[in-house]
Amino acid sequence: MLLFVLAAVAVIVVVRWVAARTGLPAAALLPLIGIAYALLPGPNIGLDPDLVLMIVLPPLLYSAALDSSLLDIRRNLRIVVSLSVLLVLLTGVLVGIGFHLFVAGATLAAGIAVGAAIAPPDPVAALAVGRRVNLPPKMVTIIQGEGLLNDATALTMLSVAVAAAVGGEFSFPSAVGQFVLAAVGGVAVGAAVAWLVRLARPFTADPLLSNAISLATPFVAYLLGEELHVSGVLAVVIAGLIVGHKTPQLTSGAARLQTSAVWRLVDFLLEGFVFLLIGQQLPEVVKGLRQYDTSTIVIAVAVSVGVVLLLRPAWLVMTQSLPRSLHTRLGGISEQDDPDEPGTARQIERADRNARRLTSREVVALSWSGTRGVISLAAIFTLPLTTNSGAPFPDRDLLLFCTFVVVLVTLVGQGMTFAPLVRMLGLRANETDQARVRNEARSAAVEAALARLDEVAAAEPDSAVAVNTIRTQLLARLARYRGRLDHLEQSGSEMPTSPEYETALRVRRTTIDAQREELVRWRDSGRLPDEELRVLERELDHEELLLPKRTSG
């Protein structure tokens with residue numbers, strides 16, 4: 001097992017390196033490698049659905065929720081709810097009806113079960129590609145929000161369908177009640193866990209304690225939700241959104257830097273193992289197909305893949321055709337909402353532009369972003385082997401195969417082609433607008449610091465020298481930010497380039513490298529202990545971290 005884990009890490013690292021240089025998504029390459037390994041002789045790693053749902057899913061969802069924007073999701077709540085709840089429910093029902101009508105011997109409940117499993121998109125592949133091609137923030141928010149909430153909808157729907165298939169009885173009012181209870185309870189549990197994390201604030205100044213609490217939070221939320229028979233998945237998401245929104249007030253700067261690094265590593269490894277695991281399930285899902293006719297398999301796969309690929313664009317087109325009054329009913333800022341508070345005109349304008357209905361290009365991109373992933377496979381593997389009567393669960397092997405094909409088609413097919421599609425559509429974030437927002441916020445922060453300095457100077461007359469020194473530094477910084485804003489305003493919609501700025505960044509990085517080299521020479525000559533070297537290196541690392549990765553400001 002240890003050798004397998006080390007080999008998997010090596011494969012993940014190599015694939016990440018290849019993906020960075022070729023532009024191909026790692027989320028699509030890893031399942032193909034997993035399939036190739038599964039076809040070789042030797043041991044294989046099976047997918048334990050309980051392990052995925054309890055150990056893998058909570059940290060991935062929580063990490064994604066921490067990086068999401070609660071305000072942006074609220075602003076785009078209509079489209080997020082439309083995709084993560086209504087579309088998931090409709091997908092499950094239509095797949096169930098299709099199985100019942102066209103697949104010989106299939107029951108409606110079994111069809112809805114596979115429909116629930118393949119309904120929720122896994123946004124990892126789409127988001128990885130979208131960020132690499134600089135997808136607009138609104139599109140990223142919608143894909144993130146959908147991926148955060150749709151798993152709870154699908155898993156609740158799956159449990160209802162399995163109960164009907166196993167017991168042979170189905171009550172629509174009972175199913176709706178169960179769904180509402182699970183959703184409301186999950187929200188309540190998530191909010192309660194976030195409140196507990198807030199109570200732990202006095203302990204989070206130490207980065208190690210902050211990391212420990214952060215890593216434990218998703219598992220606490222999930223287990224508590226499942227113990228109370230509500231949606232543990234939704235509890236994790238809500239806890240992550242609230243904690244992420246409150247992080248600036250809850251944790252210190254050092255804790256945030258370390259926690260962010262830890263979660264990036266967790267995401268990198270878990271996602272890599274998950275996508276490798278998907279490919280290795282091929283022998284398991286194929287071995288039970290001998291009992292089915294080829295025509296039955298083809299029809300079942302066609303229904304599953306057809307509904308998944310065709311319903312999403314049809315749903316997006318239909319919902320975007322609704323009157324604008326309905327578009328702003330759930331979240332967003334309508335054209336009539338125009339607060340008179342000074343200094344907010346630009347923010348109101350951006351928020352209103354963000355709340356508008358999707359353009360045709362955005363609809364096309366979102367239609368192709370619905371890649372499925374390990375949650376679909378984990379969900380379908382939870383199907384019981386037998387019903388309450390002792391009979392085999394209807395068409396279980398066929399349902400497994402259909403789910404695997406849907407995951408493979410969307411993950412590889414859509415994952416490989418999403419970046420070229422986005423480039424062809426010309427969907428890119430407005431870098432000028434992003435740089436303008438950053439520099440406006442920086443200027444406002446410096447102005448707040450200058451106002452606080454005036455308060456300090458009035459309250460502590462002895463601090464005049466320190467206050468004047470810091471004020472001089474802040475005024476220089478404010479002048480630099482305002483200069484960038486003027487430069488951005490003059491450039492219009494085109495991102496301005498500044499050879500002087502690029503040269504300054506290059507020179508600063510060169511001087512930091514020279515300082516590191518000199519410190520190492522001191523260490524090697526015995527003039528500087530290793531412990532002191534690490535302290536000084538950390539200072540230079542933070543200085544380098546402040547430099548922008550791109551010249552957009």
Side-chain angles (χ1 to χ4, degrees), residues 8 11-13 15-16 18-20 23-34 47 52-53 55-68 73 80 83-84 88 117-135 139-152 154-155 218 233 236-237 240-241 244 260 263-281 308 312 365-379 403-404 406-419 421-422:
V11 170
I12 293 168
V13 170
V15 169
R16 178 66 175 263
V18 171
L24 297 174
L29 296 176
L30 286 169
L32 296 178
I33 295 175
L47 187 147
V52 171
L53 294 177
I55 304 299
V56 176
L57 181 59
L60 287 178
L61 283 176
Y62 187 74
S63 176
L66 289 177
D67 287 337
S68 300
I73 289 178
V80 170
L83 293 174
S84 62
V88 169
I118 63 178
D122 182 352
V124 173
L127 284 176
V129 173
R131 291 192 176 102
R132 191 171 65 246
V133 298
N134 202 17
L135 201 63
M139 300 286 290
V140 173
T141 296
I142 292 173
I143 296 173
Q144 269 185 332
E146 177 190 10
L148 288 173
L149 300 175
N150 59 17
D151 291 334
L155 293 176
V233 171
V236 171
V237 170
L241 287 173
S260 175
W263 276 115
R264 285 201 302 272
L265 177 62
V266 170
D267 283 346
F268 172 65
L269 292 177
L270 281 183
E271 289 171 1
F273 280 115
V274 159
F275 290 121
L276 274 176
L277 196 61
I278 288 175
Q280 293 182 49
Q281 306 316 302
V308 165
R312 185 177 178 87
L366 278 178
S367 299
W368 206 243
S369 66
T371 54
R372 271 59 177 177
V374 71
I375 303 305
S376 295
L377 283 180
T403 304
F404 184 84
V406 169
V407 170
L408 198 61
V409 167
T410 57
L411 194 56
V412 177
Q414 292 180 319
M416 289 284 195
T417 56
F418 188 56
L421 176 66
V422 171

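Values in this document were obtained by computation on a predicted structure and should not be read as measured data. Numbers here are sequence positions counted from 1.
No donor-acceptor pair closer than 3.5 Å links the side chain of T371 to the backbone N or O of T410. Although no hydrogens or angles enter the test, the distance criterion places a donor-acceptor pair under 3.5 Å between the side chain of R372 and the main chain of G370. Between the side chain of T141 and the main chain of I73, no donor-acceptor pair closer than 3.5 Å is present. Between the side chain of D122 and the main chain of I375, no donor-acceptor pair closer than 3.5 Å is present.
Taking CD of Q144 as the reference point, atom CG of D67 lies at 7.0 Å (rounded to 0.5 Å). Taking CG of L29 as the start and CD1 of I12 as the end, the distance is 12.5 Å to the nearest 0.5 Å. Distance check, rounded to the nearest 0.5 Å: CG of L270 to CG of L265 gives 9.0 Å. Rounded to the nearest 0.5 angstrom, L30 CG and L277 CG are separated by 11.5 Å. To the nearest 0.5 Å, the span separating CD1 on I33 from CD1 on I278 amounts to 13.0 Å.
Remark: R264 pairs with S260 by the side-chain hydrogen bond (donor to acceptor under 3.5 Å, both in side chains) rule, at least two apart or across chains. S63 is linked by a side-chain hydrogen bond (donor to acceptor under 3.5 Å, both in side chains) to D267, counting only residues two or more places apart in sequence or in another chain. Residues passing the salt bridge (charged side-chain N to carboxylate O under 4.0 Å, His left out) test with E146 are R312, sequence neighbours excluded.
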- [ ] Report the C-alpha separation of F275 and L411 in whole Å, then their side-chain angles, then the decisive distance to 0.1 Å, and conclude whether the side-chain contact (heavy atoms from CB on, under 4.5 Å) test is met.
- [x] CA-CA 10 Å; F275 290 121; L411 194 56; 3.7 Å; yes
- [ ] For L24 and V18, run side-chain contact (heavy atoms from CB on, under 4.5 Å): C-alpha distance rounded to whole Å, both residues' side-chain angles, the deciding distance at 0.1 Å, then the answer.
- [x] CA-CA 8 Å; L24 297 174; V18 171; 5.7 Å; no
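Between N150 and L83, every side-chain heavy-atom pair lies at or beyond the 4.5 Å cut-off. I143 places a side-chain heavy atom less than 4.5 Å from the side chain of L135. A 4.5 Å side-chain heavy-atom check between V129 and R132 finds at least one atom pair inside the cut-off. For the pair N134 and V422, the minimum side-chain heavy-atom distance is 4.5 Å or more. Residues V409 and Q414 fail the side-chain proximity criterion, which asks for heavy atoms closer than 4.5 Å.
Across all non-hydrogen atoms, the minimal contact from D151 to P120 is OD1-CB, 3.7 Å. Closest approach of G373 and V407 over heavy atoms only: O-CG2, 3.7 Å. Across all non-hydrogen atoms, the minimal contact from F268 to R16 is CD1-NH1, 3.0 Å. Here the shortest heavy-atom pairing between A26 and P31 reads O-CD, 4.4 Å. Taking every heavy atom of both residues into account, G413 and W368 meet most closely at O-NE1, 4.4 Å. V266 approaches P59 most closely through the heavy-atom pair CG1-CB, 4.4 Å.
Tested against Y62, the residues V237, V236, L241, L148 include a single side chain to side chain contact (heavy atoms under 4.5 Å, CB included) partner, V236.
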